[in-house]
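Notes follow once the structure below has been shown.
This is a predicted model, so every value here is computed, not measured. Below, chain A is the first sequence line, B the second, and so on; all start at residue 1.
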Protein chains: 2
Amino acid sequence: MGYFEEKKFKMTPQRAAILGFLDGNKSHPSADDIFEAISVEYPMISRATVYNTIEVLKDNGLLWELSIDDERKRYDPNTNMHHHLICTKCRKVVDIHIEFDLQVPEDALGGFKLTGRHVEFYGLCPECADIGDKQK
Amino acid sequence: MGYFEEKKFKMTPQRAAILGFLDGNKSHPSADDIFEAISVEYPMISRATVYNTIEVLKDNGLLWELSIDDERKRYDPNTNMHHHLICTKCRKVVDIHIEFDLQVPEDALGGFKLTGRHVEFYGLCPECADIGDKQK
DNA sequence: TTCTCTGCAAATGCTTTGCAGAGGC
DNA sequence: GCCTCTGCAAAGCATTTGCAGAGAA
């Protein structure tokens, strides 16, 4: 992400560490996952800084906030159009890069102006499905 | 909902009020919306009872918990397959009863066993779009 | 030097939990 | 009468905020 070089945001070691952790990350981490990961290198980092950086990235379209976990917000540094496959047991999230044809007739929109779309597939990941099988 | 007559759950005035409020409700209320609505008739009801009842309904498939609002969980008593149109400004949620063809090739599933799907459309409702226009 | 960013700690808001008494069945 | 449900109050988490000092530009 060469974003911070172009715009007027201060690059700090903490932010660099967060960007490094997020770059190419496909684990859809929560704020606390990010905090824990960065804490390994920067034990003094605070959650406020993590939330602060997330906010800046979100505002500039570099990070998506996902509402796919009931318990906490999850973040996705992949901001290209894609969808998600979610394990309902362990909450693992996998990207699905497929374009679906989702036409909605005008009269079903009730006057809404569409700006985006997102498909969530629910299921059991291989690991969780295995555990379920063994318990039978 | 004739559910409680068939199963072994105690029907209480509070639960009856909650069921009555939810029956046919298309507003996708939060737990607190339900609490506020019931409070009009039953000022003494507690949030714990609302959450408790929501839990029972969820466990028995009579209520869907929606993760479509960053700030709070929302609930939907319509458990027939449908999708949602969400206003990103005021968080209004409208049902979309359209069946989409969402085929996912086996190799994109990574071994997941699919159990469900849900399409979220984001946009601006007529009211919020109007406000946006006027501010220009 | 300037002004944003950081870390700490407290506050906030939603949701959960413990518990004793109330009340369906 | 039994046992679940209710209301209250406190606890639990994720997230936000206030503020003084640190540090990037």
Side-chain angles (χ1 to χ4, degrees), chain A residues 2-22 28-60 62-76 91, chain B residues 1-22 28-60 62-75 91:
Chain A
Y3 182 79
F4 284 79
E5 294 150 27
E6 303 156 28
K7 304 270 178 163
K8 298 291 171 283
F9 291 108
K10 288 190 180 174
M11 179 58 76
T12 64
Q14 295 88 337
R15 288 185 170 184
I18 293 173
L19 289 178
F21 174 70
L22 288 177
H28 308 81
S30 66
D32 214 61
D33 290 336
I34 298 172
F35 172 75
E36 293 292 346
I38 306 302
S39 292
V40 176
E41 304 167 71
Y42 293 88
M44 74 301 291
I45 197 172
S46 85
R47 283 182 172 73
T49 298
V50 173
Y51 280 107
N52 176 358
T53 303
I54 286 173
E55 195 62 28
V56 174
L57 295 176
K58 256 177 29 182
D59 289 348
N60 290 285
L62 295 171
L63 191 64
W64 278 2
E65 184 173 281
L66 307 179
S67 295
I68 54 186
D69 191 322
D70 340 334
E71 303 188 338
R72 58 189 63 77
K73 293 174 188 166
R74 306 266 297 252
Y75 298 92
D76 193 340
R91 289 286 150 187
Chain B
M1 298 185 201
Y3 182 79
F4 284 78
E5 293 149 27
E6 303 155 27
K7 304 270 177 161
K8 299 290 170 282
F9 291 108
K10 288 188 180 177
M11 179 56 77
T12 65
Q14 294 88 338
R15 289 186 169 184
I18 293 172
L19 290 178
F21 174 71
L22 289 177
H28 308 80
S30 65
D32 215 60
D33 291 335
I34 298 173
F35 172 76
E36 293 292 346
I38 305 302
S39 291
V40 177
E41 304 168 71
Y42 293 87
M44 73 300 291
I45 198 172
S46 84
R47 284 182 171 73
T49 298
V50 173
Y51 279 107
N52 176 357
T53 303
I54 285 172
E55 194 63 28
V56 174
L57 294 175
K58 257 177 30 184
D59 289 348
N60 290 284
L62 296 171
L63 191 63
W64 278 3
E65 184 173 279
L66 307 179
S67 296
I68 55 186
D69 190 324
D70 337 336
E71 303 188 337
R72 57 188 64 77
K73 293 173 188 168
R74 307 265 298 252
Y75 298 92
R91 289 286 148 188

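Contact record, B:I38 with B:A17: CD1-O, 3.4 Å, taken as the closest heavy-atom pair. The minimum heavy-atom distance between B:F21 and B:A37, with the atom names listed, is CE1-CB, 3.4 Å.
When the C1' atom of C:dC5 is taken as reference, atom CG of A:L19 falls 14 Å away, rounded to whole Å. The CD-P distance, from A:E55 to C:dT4, rounds to 17 Å in whole Å. To the nearest angstrom, P of C:dG13 lies 12 Å from CZ of B:R47. With rounding to whole Å, A:D70 atom CG is found 22 Å from C:dG13 atom P. A:I54 places its CD1 atom 15 Å from the C1' atom of C:dT6, with the value rounded to the nearest Å. Per the geometry, CG belonging to B:D69 stands 13 Å off C1' belonging to C:dG13, to the nearest Å. As rounded to whole Å, 8 Å separates atom P of D:dT15 from atom CD of A:E65.
Note: B:E65 CD to A:D70 CG = 5.0 Å, rounded to the nearest 0.5 Å. With rounding to the nearest 0.5 angstrom, the OG1 atom of B:T53 is 10.5 Å from the CG atom of B:L63.
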Worked verdict on B:H28 versus B:L66 for side-chain contact (heavy atoms from CB on, under 4.5 Å): CA-CA 8 Å; B:H28 308 80; B:L66 307 179; 3.7 Å; yes
Begin with the C-alpha distance, continue with both residues' side-chain angles, and end with the deciding distance and a verdict on side-chain contact (heavy atoms from CB on, under 4.5 Å) for A:L57 and A:Y75. CA-CA 10 Å; A:L57 295 176; A:Y75 298 92; over 6 Å; no
Could you encode protein contacts along nucleotides 19-25 of chain C as a string, one character per nucleotide from 5' to 3', using B for base contact, S for sugar-phosphate-only contact and - for no contact, with a heavy-atom cut-off of under 4.0 Å? ----BBS
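Residue A:Q14 has no polar side-chain atom (N or O) positioned under 4.0 Å from OP1 or OP2 of D:dG23. Dashed line: the shortest gap from a side-chain N or O of A:R15 to OP1 or OP2 of C:dT6 is under 4.0 Å.
No side-chain heavy atom of A:R72 sits less than 4.5 Å from a side-chain heavy atom of A:D33.
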Distances for protein N/O vs nucleotides 8-14 of chain D N/O pairs under 3.5 angstrom?
from   : atom 1 : to    : atom 2 : distance (Å)
D:dA14 : OP1    : A:R72 : NH2    : 3.1

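Of the possible polar contacts, one joining the B:R91 side chain to the B:I68 backbone as a donor-acceptor pair under 3.5 Å is found.
With no hydrogens or angles considered, no side-chain donor-acceptor pair links B:T49 and B:N52 at under 3.5 Å.
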